[in-house]
> 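Questions regarding the structure given below will be posed in turn.
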Amino acid sequence: MKKQPDLILLHAPSVYDFRKKSIMFGPMSDLVPSSPIFEMYPIGFLTILNYLEKRGISARIVNLAYRMFNDNDFDVEAFIKKLNPVAFGIDLHWLVHCQGATEIAKIVKKYHPQTPVIFGGFSSSYFYKELIDFEQVDFIIRGDSAEEPLYRLLSLLKNSSAVDYGCDDLKRIPNLVWKNAGIVHANNIECISSDLEDIDFDYRVMFKDVLKYLDLRSVVPFCDWFRYPITTIPVVRGCNNNCANCGGSKYAFALFGNRARPAFRKPSRLVEEIKVIGKYIDSPVFLLGDLNSNGRDYVEDFFNCAGALDKNMQIFFEFFEPPGKWFFDRASEIFNNVCYEISPDSHDEKVRTKMGKTYTNLQLTESIEYALLKGAKRFDMYFMTGLPLQTKDSIMETVKFCEQLYERFKWDKRFMPFISPMAPFLDPGSRIFENPSKFGYRLLFKSLKSHIEAVTKPSWKYILNYESDYISKDDLVWATYEAALGLNRLKGKSGSISGNVMKDNEERILKAVSIMNEIDSIMSSGAKSEIENMLMGLKDKTYKYSMSTVCEKKELEFPLSKRNFKWLEIIKASFGSK
Ligand code: B12
Ligand code: SF4
């Protein structure tokens, strides 16, 4: 029998069992590496693993979503049945996993009724009052600093043969929500890391786990990772900004995580971690979070440390607002292969301001222009549909705006605009979710249970948890696809995608539109029992045309091909050598 860890962290697909359902997820996940089942697990799994293992608690990651995606015959129940840890942890971080995570927890309880099930993540924290009432949930760790509370809980569970759920020990674990004899206890969120000094983003712990549990597939971060092994290093927990739709804004963190200010990581640590990654994988590194939001000194500090890195490494920076020219000057001194991205949301400054972003189009344009001049390998720009004040015409004007930018940048193929819907949900805890009417929205679902029902609806149009005063749901859907067609043609014209890719994208978008139409006509036709059957008849198509609709996944990738695993070093690290 394989070694059993103390904690098994399970990552569920958004919908269980997506393989047996017909759902047109549409472009919901087009702009992230995941497929529509959102198989990427939270980066927190890595920090939890590091934190626990360092302190003598063994933990293992099992990406069930990936396993199911990768192998149609993968039997989730049989797999879970064979496991036997002290406790199971399940992330309900992103709300899209509400149905999948709670269904997986049911399966865990079916085979292991006595084994504690611990939930954690942003959505668990937000919906903790409702979630703890679920029979299959024993504990929730609230907030964004779960490592220490989880360590304390596991130490307790591991060392006591039968935990007295009323015991004082449980009361002393910060951030913990628990229940005893029908009474729910929510301990205060007191563990809020202010500097993340104890938190390690060290990927080597995963290599060791692969060897320990003889299971590589369960730690794969997303479906296409072996072909494109991008790695991420978070700069910060929390945020200084307050974008209206964001469940990770300053406002939201305060609401569900009791965090008053963001915790920025030391630049020297970031650079150390990038170096470690480079020792094992020659892959692009994505710095999650904008260094600039902690001020210029912090950025300068980072660049000073980064001088020790390989100048040719591939690195992505994201910006919350356009940085000054000095940033691109410095970046181009240190790195030869840099990509940038920014999300202005809309070309319309009024819409952008309502979203909580105050920079102008001129600032945006000049920043991109300068970055390209300084040798950026790419500059990606992300727009959204479904925004406050945004009409159908406004969405189409975004395409025109991009065309004007292309003209200005002389059809530079390194400039890449993208558009996708604000979907599937307005984030819980965001300013819009908490005060929808102020932004011109009606929230269609508010509770956890209503979201659980929503994610299995037949198409993303029905899954959306909002309606806007400025655009109907139908117009939102069609305008999103139409705008995607427009951007696709612009990218084809500039040469940033080939003629064939452009043609394929166009065909996929048009096909997606026709499937959305088919679903709508089924939904408005006759008897409920027939609707189910007719929808199932579309299953193959809904699955296929939910993959990369508004663009091809490869368009998101770093424009270089240097992606090598250094297997010898990985094997050495798996055996514990540094
Ligand atoms: C980086 C990031 C990403 C990265 C993800 C990297 C990764 N693997 O985690 C990318 C770009 C891929 C991404 C994608 C998406 N994201 Co995002 N993302 C962020 C961002 C900017 C930072 C997240 C972060 O720093 N996390 C660090 C910390 C806090 O989280 P963590 O370390 O992973 O987990 C800790 C705790 O949450 C907890 N925890 C997590 N899981 C578990 C499990 C257990 C058992 C326990 C006990 C604890 C626990 O413990 C961890 C350690 O303390 C936030 C915004 C923000 N400012 O926070 C949005 C945010 C989290 N994302 C969001 C969304 C909606 C998405 C997408 C669904 C968007 C989409 N439609 O495609 C996808 C989902 C991807 C998937 N699952 O496949 C929303 C979530 C709102 C919500 N409650 O649902 C946020 C809040 C804001 C936003 N709109 O972008 N995202
Ligand atoms: S969307 Fe805005 S509020 Fe949310 S993490 Fe990004 S900058 Fe911060």
Side-chain angles (χ1 to χ4, degrees), residues 7-11 13-14 25 27-48 51 59 65 87-98 101 117-127 139-150 153-154 175-176 191-193 196 199 201 221-223 230 232 234-253 256-257 259 262-263 286 288-290 293 318-321 343 345 355-357 384 420-431 433 451 460 556:
L7 175 71
I8 293 184
L9 288 167
L10 300 174
H11 179 64
S14 51
F25 293 104
M28 282 177 352
S29 69
D30 275 358
L31 301 188
V32 295
S34 294
S35 75
I37 60 156
F38 292 103
E39 74 279 7
M40 187 186 272
Y41 48 80
I43 187 87
F45 273 20
L46 175 67
T47 56
I48 289 174
Y51 197 90
F88 286 93
I90 300 179
D91 65 290
L92 175 48
H93 185 62
W94 296 283
L95 186 54
V96 281
H97 292 96
C98 54
V117 171
I118 309 163
F119 267 65
F122 287 6
S123 301
S124 303
S125 306
Y126 182 86
F127 287 110
F139 296 106
I140 300 168
I141 308 237
R142 287 195 288 164
D144 64 48
S145 306
E147 292 87 353
E148 172 65 16
L150 193 55
L153 177 61
L154 271 148
N175 307 26
L176 183 70
C191 185
I192 307 149
S193 177
L196 307 183
I199 310 295
F201 291 86
F222 58 90
C223 292
I230 187 166
T232 50
V235 170
V236 59
R237 266 190 199 166
C239 188
N240 265 329
N241 297 344
N242 255 328
C243 302
N245 65 324
C246 180
S249 58
K250 191 178 169 80
Y251 175 90
F253 266 99
F256 70 75
R259 177 178 283 286
F286 196 119
L288 296 169
D290 185 354
S293 60
E318 67 170 327
F319 303 128
F320 298 159
E321 54 184 70
S343 306
D345 296 338
M355 286 291 282
K357 297 176 178 172
M384 277 200 283
S420 71
M422 195 157 64
F425 299 139
L426 292 173
D427 292 355
S430 63
R431 290 191 293 129
F433 191 90
H451 283 92
W460 66 278
L556 307 175

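One-based numbering, in listed order, for ligands and for the atoms of each.
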> Does Thr232 have a non-hydrogen atom less than 4.0 Å from ligand 1?
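No, that is not the case, since the closest heavy atom of the residue is not under 4.0 Å from the ligand.
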> Where is the nearest protein heavy atom to atom 77 (N) of ligand 1: which residue, which atom, and how far?
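Among all protein heavy atoms, the one nearest atom 77 (N) of ligand 1 is Met40 O, 3.0 Å.
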> Could you tell me which atoms of ligand 1, counted from 1 in the order shown, lie closer than 4.0 angstrom to a heavy atom of Gly89?
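Near Gly89, meaning under 4.0 Å from one of its heavy atoms, ligand 1 has 45 (C).
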> So between Ser14, Gly120, Gly44, Pro221, whose heavy atom ends up nearest atom 32 (O) of ligand 1?
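Checking each option, the heavy atom nearest atom 32 (O) of ligand 1 is found in Gly44.
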> Starting from atom 5 (C) of ligand 1, find the nearest protein heavy-atom neighbour and note its residue, name and distance.
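Heavy-atom neighbour on the protein nearest atom 5 (C) of ligand 1: Trp94 CZ2, 3.9 Å.
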> Would you confirm whether any non-hydrogen atom of the protein falls under 4.0 Å from atom 22 (C) of ligand 1?
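Under the 4.0 Å cut-off, atom 22 (C) of ligand 1 has no protein heavy-atom neighbours at all.
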> Among all protein heavy atoms, pick out the one at the shortest distance from atom 25 (O) of ligand 1; state its residue, atom name and that distance to 0.1 Å.
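Result for atom 25 (O) of ligand 1: Val236 O, 3.9 Å.
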> Can you classify the ring geometry of Phe256 versus Phe122 as parallel (below 30°), tilted (30 to 60°) or perpendicular (above 60°)?
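Plane angle between 30° and 60°, so tilted.
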> Do any side-chain atoms of residues 234-245 form donor-acceptor pairs under 3.5 angstrom with protein atoms, and if so which ones, sequence neighbours left out?
{"unit_1": "Arg237", "atom_1": "NH1", "unit_2": "Asp144", "atom_2": "O", "d": "2.7"}
{"unit_1": "Arg237", "atom_1": "NH1", "unit_2": "Glu147", "atom_2": "OE1", "d": "3.4"}
{"unit_1": "Arg237", "atom_1": "NH1", "unit_2": "Glu147", "atom_2": "OE2", "d": "3.4"}
{"unit_1": "Arg237", "atom_1": "NH2", "unit_2": "Glu147", "atom_2": "OE2", "d": "2.7"}
{"unit_1": "Asn240", "atom_1": "ND2", "unit_2": "Ser293", "atom_2": "O", "d": "3.0"}
{"unit_1": "Asn242", "atom_1": "OD1", "unit_2": "Tyr251", "atom_2": "N", "d": "2.9"}

> With under 30° as parallel and over 60° as perpendicular, where do the rings of Phe45 and Tyr41 fit, or are they tilted in between?
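If you compare the ring of Phe45 with that of Tyr41, the planes turn out parallel.
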> Would you kindly specify which portion of Arg237 sits under 4.0 Å from ligand 1, judged on non-hydrogen atoms: side chain, backbone, both or neither?
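Contact part for Arg237 vs ligand 1: side chain (C-beta onward).
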> With a cut-off of 4.0 Å, which atoms of ligand 1 are near a heavy atom of Ala423?
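Ligand 1 atoms under the 4.0 Å threshold to Ala423: 71 (N).
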> At what distance, to the nearest 0.5 angstrom, does NE2 of His93 lie from OG of Ser125?
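Answer rounded to 0.5 Å: 9.0 Å.
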> List ligand 1 atoms under 4.0 Å from Met28, heavy atoms only on the residue side.
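So the answer, numbered in order with elements, is 70 (C), 71 (N), 72 (O).
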> Search all heavy atoms of Leu7 against all heavy atoms of Phe88 and return the closest pair with its distance.
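Leu7 and Phe88 have their closest heavy atoms at CD1-C, 4.0 Å.
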> If you take all heavy atoms of Phe25 and Pro36, which pair is closest and at what distance?
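Reported closest heavy-atom pair: CB-CB, 3.5 Å.
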> So does Ala252 get a backbone contact from the side chain of Ser249, meaning a donor-acceptor N/O pair under 3.5 Å?
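Present.
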> Just which atoms of ligand 1 are under 4.0 Å from any heavy atom in Glu147?
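Matching atoms, with element in brackets: 52 (C), 53 (O).
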> Taking atom 81 (C) of ligand 1 as the reference point, report whether a protein heavy atom occurs under 4.0 Å from it.
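So atom 81 (C) of ligand 1 has protein heavy-atom neighbours under 4.0 Å.
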> Rounded to the nearest 0.5 Å, what separation is found between the CE atom of Met40 and the OG atom of Ser29?
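Separation between the atoms: 10.5 Å.
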> What part of Tyr41, side chain from CB on, backbone N/CA/C/O, both or neither, has a heavy atom under 4.0 Å from ligand 1?
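Backbone only.
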> Could you check whether atom 3 (C) of ligand 1 has a protein contact, counting only heavy atoms that fall below 4.0 angstrom?
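Under 4.0 Å from atom 3 (C) of ligand 1, zero protein heavy atoms found.
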> Strictly under 4.0 Å, does any heavy atom of Pro234 approach an atom of ligand 1?
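It does not, in that no heavy atom of Pro234 comes within the 4.0 Å cut-off of ligand 1.
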> Purely on distance, is any nitrogen or oxygen of Thr47 under 3.5 Å from one on ligand 1?
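So ligand 1 has no N or O lying under 3.5 Å from an N or O of Thr47.
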> Of the non-hydrogen atoms in Ala423 and Met28, which two are nearest, and what is the gap between them?
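The pair with the smallest heavy-atom distance is CB-CG, 4.0 Å.
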> Would you check whether Ile90 has a nitrogen or oxygen atom less than 3.5 angstrom from a nitrogen or oxygen atom of ligand 1?
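For ligand 1, there is no N or O atom that lies under 3.5 Å from one belonging to Ile90.
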> Among all the protein's heavy atoms, is there at least one whose distance to atom 10 (C) of ligand 1 comes out below 4.0 Å?
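Flag for atom 10 (C) of ligand 1 set to false, no protein heavy atom closer than 4.0 Å.
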> Quick one: which ligand 1 atoms are inside 4.0 Å of a heavy atom on Ser34?
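Counting from 1, the qualifying ligand atoms are 76 (C), 78 (O).
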> Could you tell me whether the side chain of Cys246 reaches within less than 4.5 Å of the side chain of Met355, counting heavy atoms only?
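Heavy-atom side-chain distance check fails, nothing below 4.5 Å.
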> Mind checking whether Leu31 contacts ligand 1 via backbone (N, CA, C, O), side chain (CB onward), both or neither, at a 4.0 Å heavy-atom cut-off?
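Answer for Leu31: neither.
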> Got an N/O contact under 3.5 Å between His93 and ligand 1?
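Among all N and O atoms of His93, at least one is under 3.5 Å from an N or O of ligand 1.
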> Any side-chain heavy-atom pair from Ser343 and Lys357 closer than 4.5 angstrom?
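A side-chain contact exists here, since the closest heavy-atom pair is under 4.5 Å.
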> With side chain to side chain contact (heavy atoms under 4.5 Å, CB included) as the criterion, how do Ser145 and Arg259 come out once you've worked through the C-alpha distance, each side chain's angles and the decisive distance to 0.1 Å?
CA-CA 10 Å; Ser145 306; Arg259 177 178 283 286; 3.7 Å; yes
> Shortest non-hydrogen contact from Trp460 to Pro27?
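So the minimum-distance heavy-atom pair works out to NE1-CD, 3.3 Å.
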> Are any of the side-chain heavy atoms of Tyr126 and Asp427 separated by less than 4.5 Å?
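In short, these two side chains do not touch, never coming nearer than 4.5 Å.
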> Out of curiosity, Thr232 OG1 to Phe286 CZ, how far, rounded to the nearest 0.5 Å?
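Output value for this atom pair is 9.0 Å.
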> Could you find the nearest protein heavy atom to atom 36 (C) of ligand 1 and give me its residue, atom name and distance?
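Of every protein heavy atom, Gly143 O, 4.0 Å lies nearest to atom 36 (C) of ligand 1.
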> Mark whether atom 86 (C) of ligand 1 lies under 4.0 angstrom from at least one protein heavy atom.
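Within 4.0 Å: yes, protein heavy atom nearby.
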> Suppose we measure from atom 53 (O) of ligand 1 to each protein heavy atom; which comes out shortest, and what is that distance?
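Sorting protein heavy atoms by distance from atom 53 (O) of ligand 1 puts Ala146 N, 2.8 Å first.
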> So which heavy atom on Phe38 is nearest to which on Ser34, and how close?
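That closest heavy-atom pairing would be CA-CB, 3.8 Å.
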> Where does Ile43 meet ligand 1, judged by heavy-atom distances below 4.0 Å: at the side chain, the backbone, both, or neither?
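Near ligand 1, Ile43 shows its backbone as well as its side chain.
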> Which residue in the set Ile140, Ile118, Ile141 passes side chain to side chain contact (heavy atoms under 4.5 Å, CB included) when paired with Leu176?
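The option that passes is Ile141.
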> Checking a contact table here: which protein heavy atom is nearest atom 40 (C) of ligand 1, and how many Å away?
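Heavy-atom neighbour on the protein nearest atom 40 (C) of ligand 1: Gly121 CA, 3.6 Å.
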> Quick one: CG on Asn175 to CZ on Phe139, what's the gap to the nearest 0.5 Å?
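Atom-to-atom, Asn175:CG and Phe139:CZ are 14.0 Å apart.
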> Look at atom 55 (C) of ligand 1 and find which of Cys191, Gly248, Cys98 reaches it with the closest heavy atom.
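It is Gly248 that holds the nearest heavy atom.
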> Which of the atoms in ligand 1, numbered in the order shown and given with their element, are less than 4.0 Å from a heavy-atom of Ile118?
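Counting atoms of ligand 1 from 1, those under 4.0 Å from Ile118 are 45 (C).
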> For atom 14 (C) of ligand 1, which of Val235, Leu7, Val32 has the closest heavy atom?
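Ranked by closest heavy atom to atom 14 (C) of ligand 1, first place is Val32.
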> At what distance is the nearest protein heavy atom to atom 89 (N) of ligand 1, and which residue and atom is it?
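Here the closest protein heavy atom is Asp427 OD2, 2.7 Å.
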> Ignoring hydrogens, what is the shortest heavy-atom contact between Ser123 and Leu95? Give both atom names and the distance.
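Nearest pair, atom of Ser123 first, then Leu95: OG-N, 3.1 Å.
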> Within a distance under 4.0 Å of any heavy atom of Phe122, pick out the atoms of ligand 1 and give their elements.
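So the answer, numbered in order with elements, is 29 (C), 37 (O), 58 (O), 61 (C), 86 (C).
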> Which protein N, O or S atoms lie under 2.8 Å from atom 8 (Fe) of ligand 2, given by chain and residue number?
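Correct list: Cys239 SG.
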> Short check: is a protein heavy atom less than 4.0 Å from atom 61 (C) of ligand 1?
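Yes, because at least one protein heavy atom sits under 4.0 Å from atom 61 (C) of ligand 1.
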> Tell me the protein heavy atom at minimum distance from atom 41 (N) of ligand 1, and give that distance in Å.
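For atom 41 (N) of ligand 1, the nearest protein heavy atom is Asp91 CB, 3.5 Å.
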> Determine whether any protein heavy atom is located less than 4.0 Å from atom 46 (C) of ligand 1.
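Yes, there is one.
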> Just which atoms of ligand 1 are under 4.0 Å from any heavy atom in Phe253?
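Selected atoms, number and element: 56 (C), 57 (N), 58 (O).
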> Enter the distance from His11:NE2 to Leu92:CG here, rounded to the nearest 0.5 Å.
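Output value for this atom pair is 10.5 Å.
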